[in-house]
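Remarks on the structure that follows.
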Amino acid sequence: MAFLEVQDLQVYFPIKGGIFNRTVDHIKAVDGVSFEMEQGKTYGLVGESGSGKSTTGRAIIGLEDITSGKILFDGKDITDKKTKNKAFRKDVQMIFQDPYSSLNPRKRVLDIVAEPLRNFEKLSKQEERKRVQELLDIVNVSPDSIFKYPHEFSGGQRQRIGVARAIALKPKLIIADEPVSALDVSVQAQVLNFLKEIQSELNLTYLFISHDLGIVKHMCDNISIMYKGRYVEQGSTADIFENPQHIYTKRLIAAIPDIDPKNREKQFHNRQKVLEEYTQSYNDFFDQDGLAFQLKSISDTHRVALPQKG
Amino acid sequence: ACSSGSDDNAEGDGGSDDGTEEGTDEGEGGSEDGIYSIDDFPAAKTDAGEAIDGGTLNYGLVNSSVFEGILNWNFYQGNPDAHVIQFFDESLLSADENFTYTQDGAATFETSEDNRTFTFTIGDNVNWHDGEPVTAEDWLYSYEIIGHPDYTGIRYDASFRNIEGMDEYHSGDADTISGIEVIDDKTLEISYKEAWPSLLAGGIWAYATPKHIFEDIPIAEMEESAEVRQNPIGMGPFKVESVVPGESVTYTANEDYWKGAPKLDGVTLTVVSPETVVQALESGEIDIAGGGFPTDQYPDVEESLTNVEFLGVIDNAYTYIGFKLGHWDADSSEVVTDPDAKMADVELRRAMWHAVDNNAVGERFYNGLRWNATTLIGPAYPDFYNDEVEAPTYDPDEANRILDEAGYEDVDGDGIRENPDGEELVINFASMEGGDTAEPIANYYIQAWEAVGLKVELLDGRLHEFNAFYDRVEADDPDIDIYQAAWSTGSDVDPSGLYGKEAPFNYSRYSSEENDRLIAEGNSEESFEVEHRQEVYKEWQELMVQDIPVFPTVYRAALTPVNERVTGYSAALDWSEWQEVGVTQEDPVLPE
Amino acid sequence: MWKFIVRRLLITIPQIIILSIIVFILAQMMPGDALSGLIDPSIDPAAVEQQRERLGLNNPWYIQYVDWVGGILQGDFGQSFRFKMPVTELIGQRMVNTVLLSVVTLIFTYLIALPLGLISGRFNDTLLDQAITGYTYIGFATPLFIFSLFMLWIFGYNLGWFPTSGSVAPGTEPGTIAYWLSKVYHALLPGISIALIQVVSTVQYLRSEIIDTKQKDFIITARAKGAGEQRVYNKHIFRNSLLPIAAFFGWEITTLITGTVFVEKIFSYPGMGLLFLESITQRDFSVANSLVLLFGTAQIMGALLSDIILSIVDPRIRIK
Amino acid sequence: MSNELLKIKNLSTSFRIGDEYYAAVDDVTLTLNKNEVLGIVGESGSGKSALAFSIMRLHTRAKIEGEILLNNQNIVKMSTSKLNKIRGDEMAMIFQDPLTALNPLMPIGRQIEENLFLHNKKLGQQGRKKRTIELLNLVGIPRPERVYEQFPHELSGGMRQRIIIAIAIANDPELLIADEPTTALDVTIQAQILDLVRELKEKIHAGIILITHDLGVVAEMADRVAVMYAGQIVEIAPVDKLFANPLHPYTRSLLNSVPAEGQDRLHVIQGVVPTLKNLPRTGCRFAERIPWIDASHHEEHPELHEVESGHFVRCTCYEHFYFPDNKEEQANGVS
Amino acid sequence: MEATDVKELEQAKTPSAIKVLLKELYRDKLALVSLIFLVLVAAFVYGLSIFLDQDQIVTVDLFAINEPPGEDFILGTDYGGRDVFGQLIIGTRNSLTIGILVTLLSGVFGIAYGLISGYYGGHVDNVMMRILDFMNILPFLFIIISFVVIVPDYNTITFSLIMSAFMWMGIARLIRSKALQERELDYAQASKTLGTSNFNIIFKQVMPNIVSLIIVTMTLNLAANIGLESGLSFLGFGLPESTPSLGTLISYATNPQTLEHRWWIWVPPAVLILILMLAVRNVGEALKRAADARQRRG
Ligand SMILES: Nc1ncnc2c1ncn2[C@@H]1O[C@H](COP(=O)(O)OP(=O)(O)OP(=O)(O)O)[C@@H](O)[C@H]1O
Ligand SMILES: Nc1ncnc2c1ncn2[C@@H]1O[C@H](COP(=O)(O)OP(=O)(O)OP(=O)(O)O)[C@@H](O)[C@H]1O
Ligand SMILES: [Mg+2]
Ligand SMILES: [Mg+2]
């Protein structure tokens, strides 16, 4: 049984209009997404801005209302907001993109990290402080800093404090929504290393959302490519990078700048080629509305939204 | 009840558009020279010199708000409107200083033997502004309007109901009023059911309505018509030239006026607020400040306004303290006096009268322009005023003595007297907002009563807004034991409208057989004999000082500042000789 | 756009209905009625009672309300109890004055606000700016009524430059040029008084808006194009800062309504504010109710106007 | 000298904090040739934008010392009117944030035309419009006539960035400064924009300064690369030499923190970039972040040393630098 | 443990909004002077009014009417022979009390309203905003005037309540728009995923972040409310004379003779109210600058 199972998830946002400001249309932020996750693995979710990555993650954790579809966690249906009970809240946590806004600037580190503890466990002041210090120790932030405020930390440190908060309740699944894209390259490395470390220690599962394919490749076991609310391709990291099937995936990969200046020309031509292919076969890969088709398995691990004809 | 019609509309004191109550301050408080007396003021201004030919007079109507603009005697409600109308329309009958009709008016009258039928003859030279003669039909028409079921005004009262056939006309059962007969173009005969002396004191509706103008307007719509509001005509000394609604009116002389052409070319009437009237006088913007100059401003401006002469008359009004002695029975429409009322003990009331120093109030708050009052028919009615009445005077010792004697003693030693049964006595006092002095005066009285050991508390701890005050006083709110108010008494001395058993305005709810008798007697046939009437009312005044359902506190002076260039003007309440008013120079006199 | 306006107008309807009910109930709760002021021994209480009956003042409030609303639906706001004339006509007379006063005030407000705001925003933290800011501080702190009293005294009485009361010189023929000139002349001093006090919020708003805009990235873009200082200000900063001010216009109406009450009272200027005060004290409820309704509607319309103006001048706000 | 477009000598740009000035750009010397792309990389706060703004003289309240010679005219000392003639004409800038760099209340067409109007008075209204449409075509905007009338908010981020580029190249500038032109954009759009810049370079032969913190972008675009740290240039070299043989510890650390094939742990630079106020002003500014390197290896007054032709590096510490935990791996930093 | 507890307390204060604002105030000399002035006035007025007997001050003295300032009466007397200085003290106290009370009442309600509306958003917000819109279109001056006539028992408390009922909308709207922004910030979202209750998020997480905004707005509102009180009193819809306020004292100046000849009655309160409002505003503006500066902090 899958650890987390998402079935045909749809999240629509209403567009208001008309004389009575009724809902006249919907933004289909997530439009029929299904996937499964196993414990202890990292799942990458890649796509261009606005493709619905964050919405997917937020829908799972319950920050967004689900229009239709089903989410099963440990076999239990947690689709509805009300069914997201305490146990679930403990088991699923989130890391946010912006280390500056995700920590309440008016709270001390102690209060920030202890927030989940206070919600779920009745601890004495001393116990609580001890736990927080342990957590800070795990994320390599000096346990002395519990009385400091977020603005006294660097971006990387803050992001790690955010992680400490997320792991305080020993969750099973962490949804990381672009956890490093606001950070400088050197600091990124710090956080990424660290996420990997605690994953093995705590047997965590990540849903790792990013638009940086380089990082996703570095981090993930499995990658899904999203486009306009739908999955266009899904597979192991090797599947995606070595054997991309969907034209959009190909284009995405071609767009990554190569760090070696010697490949410059090759890379440029490759990109032109892919772009040409993309324009040519666009109509084969997308329907009239420019949306991807249903995913089809082409191997055990690899599924692609190929046209109906195959 | 009394009827009205001259420019002295009588209204509850402190009414919201009443300027006379506002503010009193003075510079050199306490010094003797800060005190004035009504006797120092002339009533008329005649000595300014020779009037020039023509000229325009600027009449300032002192009022804190606009005039409503219902410019017709039959319909007007507010006092300011009456001021506007007086220039262009007037009563067919004139009155003397006691408000009794004389034979010098535009119409003369004869009375039948039984005093129930009056025959009026309108002078031949009395014409409307448009040249049409004023006819008996026109006079009758006024009655037909006021008596009509569709009539929208408030003039229909007992003096109308007293006319033969008026009830039938009013209920719509008759098309004409049987008691009023047009004898010929200029002669009108009115028959009354009962003969009342009041009829002769302003009790007859003596205003004609130009029928040829109003004939085609349904009575229900007259009030709104342009003929009332925009271009009214009358038979007075001036014609209306233009009206700026609420703000100003310009008049031109009516050369055809029956008393002769006015000396002035015209008059401009503007509303000036009491706050700015002094400046308007000083700058010559207005020549006369009529309608209630705020007397409390006088001490401050007396010296600086050298271009102005102040005329003064005794106002037909008094302020009083009322004691709640019963309640109004709506079913029988009469007063029911309650012998167990908190204030039922007349000794208590008398002591309270002794306890207050009204002369001091008049001197300190009004610089002597208000003064101690003694009776309920004031000096404004020289024929009826009983100056011999022995009213209680300021004498705290006497007050204490009376209270001690009557058993109001301080049993528990807290300095406050208990009632004869030894129970706590707290008297609730209601007073109205109105001008700056209202609150200190109310407080003064409370303090004065406290000085003789009576605990008086201001109702709700505050003054009450005009409407709220009368709402509660009228409803005999049990929370009110005593109250301070004022009456303006109109043209007739008959006190029945205010103190009669059937008078809703009898707010103290006092009644007694003696009172009923005297009031009835005062307006009976015998009282057509003036001496008799005087006797009766003098007796009544004595009764009031004995029974003290209310006690008057102060009488008041009405001041009218007039520019030095004005001549022929009088502030007397019965005066209406506008055609005689002139100016001695083209431009107003300015202060040196 | 039209849909938006229609929708806003539709929302307005229930608001006005509730407002009218509240206003009506408030009026009913006040002690006394239009006729209770007639405490006059020369008037027969029976006649007053009769009139009260005729005016329907004795009916329960909901019947009065229904009558009143029924009338309004037919464009009839009833009769003024006090003036004995149709409320529409009465308010019509006063409205001319208040509208004139408002127009004068608005003109002066903008005449003063724009230069001051622009100067103080552009040269912020200079001596000139500090002077202007100082003025706005004092303006904020000065209650309008104190200031108006002061203005009346100086310019009306002591210097005699302006009329001290009323809305028009007596005897001027309505409709003539002299008449309108006189009306404007009468509105001038009260108008300027309100403007001088009210202007400060606009000045401050404009100032901070300009200082804000000055730091925007697109200003740097403009500079990078080689646009000179003058051009940057005229084409980019002022233009962009003035837009919100344009939208202010509608809101200005709200503050104006409040401002005119004080000023009309002090200058004895017969406008709607003064009429309201008197109607309340004299319990002329048909007038008072209609006025509150009118002011409420004006306020709604002002807000709507602001939104519409904003959507016209600001391409980012598209009203659907 | 022929080929030299821009020469910056000992440039220092200081900001006032409290009562004192602190140099955000500290004694920078650089040259840029015609038709050359100079990449500038460095961590956030290292002074890249401050440098770019100094060249355009767009700072309103900064103290600028040194010389900036554009075609031998010193921008630092130039009169404002002269400066306004040059800005937008000889030199132009592409800004980082396409969302805020356009006037929200002005139609696109007018914003581009403004630049034409300011520097090309002869053109006339018709001419300007024609040229604007041409420019829109050039930067790859579909249906330019329509966009001409539109307002910024109606366009996507990528489109807006193209508009900003169109404004910048309107008068065929000789110097084009692009301050992180793609940071706010998606990868695919970034690729498009970069390709566009490359194309434009061919067409208008401008010298380009490309500021970025993405090493991949530099690798793809630049001819030469300058690495900035704490207001100074710590290494400058032709692009292939820099990537093949990075010398300065900071450059090496930076390259090592980017995920690459077969790397399980990424390199982490200790500590944080100091704030402007707390910048070390003496000695090697990177020293505090590589504490395991003996202090004696740093120069007292670090200079740029030319290691091979065109390859300069600051401070001698590079000779002794190694990565602490995986010393043996240091050789294959990037290879 | 003792030691750390002390430390904890110290630490707790470090960047608290109030401290930062105070620090900023300290830098702005004008605002500092204003604040000291306000504190002194408040202390003086509240302190002295303990010793002053209100009943005695409003006692009418027939023989001391309109006395100019002199030995007996520092600021003379009014037309009731009442000590103006005493009235000024009590009037200032009453005006301040009303101002503060209205600010607090309307502030607390407005803040709660705005926070709830903004935080929940959606339908809740929609309904709450419609109500607020409706309150906004009420011509409040007119309604207040009507109210004041109706309410029989009319004192500082009821008057403040009536005023507050119409003064909370501005702050509610402001706080709401701020709350709408705050709730989208990751820290609020994070709290949700951590299982924190909405109530706690609103009042323990979001609210502390808008404290400086709240303080600033309340301060500026205080100035406006003091002004409004005196305006209403001036129109004759304020407190009764037995509860003097600055507005009632100034309204004596509507009597032209008082205006011209008896400056001691109305000039001191007029000047005092001007300075008070100026001072409150100075403080408010300084706080506003401080709050802005904080927001700029990266
Ligand atoms: N609360 C909302 N209301 C309306 N539309 C929304 C809302 N949240 C997201 N959307 C829309 O849903 C779509 C998907 O948004 P989402 O944030 O999931 O994209 P994303 O892939 O995470 O993009 P990014 O990389 O920019 O974070 C977008 O078109 C966005 O505009
Ligand atoms: N106007 C200014 N006033 C004061 N300090 C400033 C100003 N502009 C920049 N700084 C400071 O100067 C230093 C360099 O800033 P700069 O913007 O040049 O960095 P950057 O390298 O462009 O960083 P990023 O990658 O974040 O854009 C930073 O410490 C910054 O805080
Ligand atoms: Mg996202
Ligand atoms: Mg930068």
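Chain letters run A, B, ... following the sequence lines, proteins first and then strands; every chain starts at 1. As the structure is a computational prediction, the values presented were derived from the model and not from experiment.
Contact residues of residues 51-65 of chain D toward chain C are D:Phe53, D:Met56, D:Leu58, D:Thr60 (heavy-atom distance under 4.5 Å). Residue-level contacts of residues 111-118 of chain C with chain D do not occur; threshold 4.5 Å between heavy atoms. Contacts with chain D (heavy atom to heavy atom, under 4.5 Å) involve these residues of residues 220-239 of chain C, listed by number: C:Ile220, C:Thr221, C:Arg223, C:Ala224, C:Lys225, C:Gly226, C:Ala227, C:Gly228, C:Arg231, C:Lys235, C:His236, C:Arg239.
Between chain C and the options D:Thr100, D:Asn115, D:Leu118, D:Asn103, heavy-atom pairs under 4.5 Å are most frequent for D:Asn103. Contact count versus chain C (heavy atoms, under 4.5 Å) is highest, among D:His119, D:Gln150, D:Lys85, for D:His119.
Sparse packing is recorded around NZ of D:Lys277, with 12 or fewer heavy atoms of other residues, nucleotides or ligands lying under 6.0 Å away. The number of heavy-atom neighbours closer than 6.0 Å to NZ of C:Lys214, taken from other residues, nucleotides and ligands shown, is above 12.
Sorted by first and then second residue, the pairs that involve residues 127-148 of chain D and meet salt bridge (charged side-chain N to carboxylate O under 4.0 Å, His left out), not counting sequence neighbours, are D:Arg131-D:Glu134, D:Arg131-D:Asp172.
Between the CG atom of C:Asp217 and the CG atom of D:Leu102 there is a distance of 10.0 Å, given to the nearest 0.5 Å. The line from CG of D:Leu99 to CZ of C:Phe218 is 13.5 Å long, rounded to the nearest 0.5 Å.
Using a 4.5 Å cut-off between heavy atoms, D:Ala101 touches chain C through backbone and side chain atoms alike.
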